[in-house]
Amino acid sequence: MAFLIVTTLFVQLLMCFSQQARGVNFTFMREAVEAPALAYYDYIIIGGGTAGCPLAATLSERHRVLLLERGGSPYDDARVLNMAHFADVLADTSAASPSQRFVSEDGVINARPRVLGGGSCINAGFFTRAGPGYVRACGWEPREVASAYRWVEDVVAFQPELGPWQAALRRGLLEIGVVPDNGFTYDHILGTKVGGSIFDAQGRRHTAADLLRYSRPDGIDVFLRARVARILFARKGGKPVARGVVYHDSRGGTHMAFLNLGARNEIILSAGALGSPQLLMLSGVGPADHLSQFGINLVLDHPGVGQGMSDNPMNAIYVPSPSPVELSLIQVVGITRFGSYLEGASGSNWNSRPLGATAAAASQVRNFGLFSPQTGQLATVPPKQRTPEAIARAVEAMSQVPDAALRGGFILEKVLGPQSTGRLALRNLDPDDNPTVSFNYFSHPDDLRRCVAGIAAIERVIRSRAFSRFAYPNFAFPATINVTAEFPVNLMRLRGGSDPRALEQFCRDTVMTIWHYHGGCQVGRVVDRDYRVLGIEALRVIDGSTFNASPGTNPQATVMMLGRYMGVKIQKERMIAEGSGRKP
């Protein structure tokens, strides 16, 4: 009997721990409509995304933290947590979608997260660290960085099991000289490797929101659908000091949160590469002439806010396969010496049964993923023509396409860096609306050179002996280039008068995003190396908007690491200062 009681208690404990590990039972997570009209905290974090969640969890260990997220919970949307429905989330353009679509001024269709966990809830799941050179350039302490990565990886990162298509891609990369073979590793190393994934063996997504399991429950409040309108400032000796925030709940109710008294209490922006510079501007921090156009009271003329916006350009080649292929997102990467990353995704991600649909219903409604008329990446309906009627006609036409015609995979290349940059500006005074942003893809010649080299390398992989099982023997690469160039993947106009087979033109005409955009609050321009906003007290920005280049082959691991790393650093510095009695 005693054994049964102990066993029962142990099982209950494991179930409770499992629930918390999945993040479905956080007692401190509530809707913003339940928030008090006025409250006080040691730290107020704006944005419960890839950086905000680990940062909030860490700071809550010793302090009172408020985490404000404009979206809902990922645990309430089964599509977010299921790899097979990756494209469905991106195709959902409703106001409640975890993904908010925007189109850059360049004409490239993109997405920003609107959900607790941020970009880790809507991305392709690849998990890889930044290289040692990147860590040195940022001035981070390598030992603390490694510790922070491990803290993240213990919860969200997994070693994927390669199916035949991904294994063939790996062998093909090695055959064409993307060497050495680095096996499975989270590290960023020249050659071919299998990286980590935030999808487990069952295809379940694990997100930055799961890192909130580390939180001290009494030390944190997480409010969902909390839309921050602006940051509030006071002045100290003529210098702006962040004091609080105003935010609205889903019913339009207004709430205010202020910092407790204490010189080291802070407001931290973690709203992402679009949200953080946008909210600084809406709060009166940004280029004075731009803010004056919207009648915004100037707190600090900060010309660098919104500058240095970059998005790593991605170009993809669709390779139809004579053999069945597995469902996979990014698992293998070739890190080349010429500055292009080669990756691939395959399978029924563009031909799967809608979540919850019966077999009969699935025969009537098919998900074409990246080919979907709704999604936008390789749709057959141009973006400006995506009316409900046009989409319905496209779905009907594509329903007649045999499954075998959509059987295959994409091999894509992504340019490192990049060196091309643009800017972000306000469109209006609505913090929920998208700002205007341009990335000026391929405006720097090195980016274009790397794309051309990457596309040429993809052709060699497709023609390799290792990949021959998944490419037709009469595969004609020039014809594939021409067909791919006809997909309306963006709003750019094809340049007339040039050879459509020219790889430079192909790169320009078919550029897409892989959702690795960054900048807008860059280190040295808007924030210092400790991510404090220059010229303002008690305000930091900690997220991808501070990056001058995208880390590794995918930024999400490093953004999560940064949240943990800076949370630990802030706490250590505070303990030293308060323990010694020194004034900060």
Side-chain angles (χ1 to χ4, degrees), residues 49-50 86-87 89-93 97-114 118-126 272-275 308-318 329-330 333 340-345 349 369-372 374-379 382-383 386 410-424 434-444 447-448 450-451 454-455 484 487-492 506-520 544-545 547 549-556 559:
T50 315
F86 159 69
V89 174
L90 295 175
D92 182 359
T93 58
S97 172
S99 171
Q100 182 175 352
R101 180 173 294 180
F102 72 95
V103 181
S104 72
E105 298 302 294
D106 316 275
V108 173
I109 301 163
N110 215 315
R112 59 189 294 205
R114 183 169 48 198
S120 66
C121 296
I122 66 172
N123 65 18
F126 196 64
L274 265 62
M309 296 297 299
S310 294
D311 186 22
N312 301 79
M314 185 266 280
N315 297 79
I317 300 293
Y318 178 65
L329 292 175
I330 309 300
V333 61
S340 182
Y341 304 139
L342 308 180
E343 305 169 344
N349 211 34
L370 296 183
F371 284 128
S372 165
Q374 299 96 331
T375 300
Q377 291 288 77
L378 287 173
R386 286 181 192 149
F410 292 92
I411 304 179
L412 59 93
E413 68 79 32
K414 166 196 162 183
V415 171
L416 71 74
Q419 298 191 56
S420 303
T421 63
R423 63 185 290 267
L424 176 147
N434 293 316
T436 66
V437 60
S438 60
F439 297 113
N440 294 327
Y441 298 100
F442 298 123
S443 60
H444 195 287
D447 294 342
L448 190 59
R450 287 167 173 157
C451 176
I455 297 297
T484 305
F487 280 113
V489 298
N490 53 47
L491 303 187
M492 298 177 177
F506 176 82
C507 288
R508 291 191 181 99
D509 289 344
T510 66
V511 63
M512 294 180 282
T513 185
I514 198 167
W515 311 289
H516 296 173
Y517 52 89
H518 52 277
S545 71
F547 292 165
S550 186
T553 56
N554 186 300
Q556 75 165 339
V559 177

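Within the model, atoms NE2 of His516 and OG of Ser310 stand 13.5 Å from one another, a figure rounded to the nearest 0.5 Å. The NE2 atom of His518 lies 9.0 Å from the CZ atom of Phe439; values are rounded to the nearest 0.5 Å. Here CZ of Arg112 is found 14.5 Å from CZ of Arg101. Values are rounded to the nearest 0.5 Å. Note that the CG atom of Asn312 and the NZ atom of Lys414 stand 4.5 Å from one another [nearest 0.5 Å]. Expressed to the nearest 0.5 Å, how far CG of Leu424 lies from OG1 of Thr436 amounts to 6.0 Å. From Ile514, atom CD1 reaches atom CZ of Phe126 across 10.0 Å, with rounding to the nearest 0.5 Å.
Taking the six-membered ring where tryptophan is involved, the planes of Phe86 and Trp515 are perpendicular, since the angle between them exceeds 60° and thus also 30°.
The nearest pair of heavy atoms linking Ala273 to Ser545 is CA-CB, 3.7 Å. Scanning both residues, Arg114 and Ser97, for their nearest heavy atoms gives NE-O, 3.0 Å. The two residues Ser99 and Val89 make their nearest non-hydrogen contact at CB-O, 3.6 Å. Taking every heavy atom of both residues into account, Ser340 and Glu413 meet most closely at OG-OE1, 2.9 Å. The shortest non-hydrogen separation linking Leu90 to Ala111 is CD2-CB, 4.1 Å.
Residues Tyr517 and Phe102 place their aromatic rings such that the two centres sit under 6.0 Å apart.
Side-chain atoms of Thr510 and Asn315 include a donor-acceptor pair closer than 3.5 Å. Asn110 and Ser104 share no side-chain donor-acceptor pair at under 3.5 Å. Side chain to side chain, Asp311 and Tyr441 meet the donor-acceptor criterion of an N or O pair below 3.5 Å.
No donor-acceptor pair under 3.5 Å is formed between the side chain of Ser438 and the backbone N or O of Glu105. A donor-acceptor contact shorter than 3.5 Å links the side chain of Ser420 to the backbone of Ser443. Remark: the backbone N or O of Pro418 is not paired with any side-chain donor or acceptor of Asp447 at under 3.5 angstrom.
Taking the side chain as every heavy atom from C-beta outward, Asn554 and Tyr341 never approach each other to under 4.5 Å. At least one side-chain heavy atom of Arg508 sits under 4.5 Å from a side-chain heavy atom of Leu448. For the pair Asp106 and Asn440, the minimum side-chain heavy-atom distance is below 4.5 Å.
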Query raised in the report: Would Asn123 and Leu329 satisfy side-chain contact (heavy atoms from CB on, under 4.5 Å), going step by step from the backbone distance to the final call?
Result: CA-CA 10 Å; Asn123 65 18; Leu329 292 175; over 6 Å; no

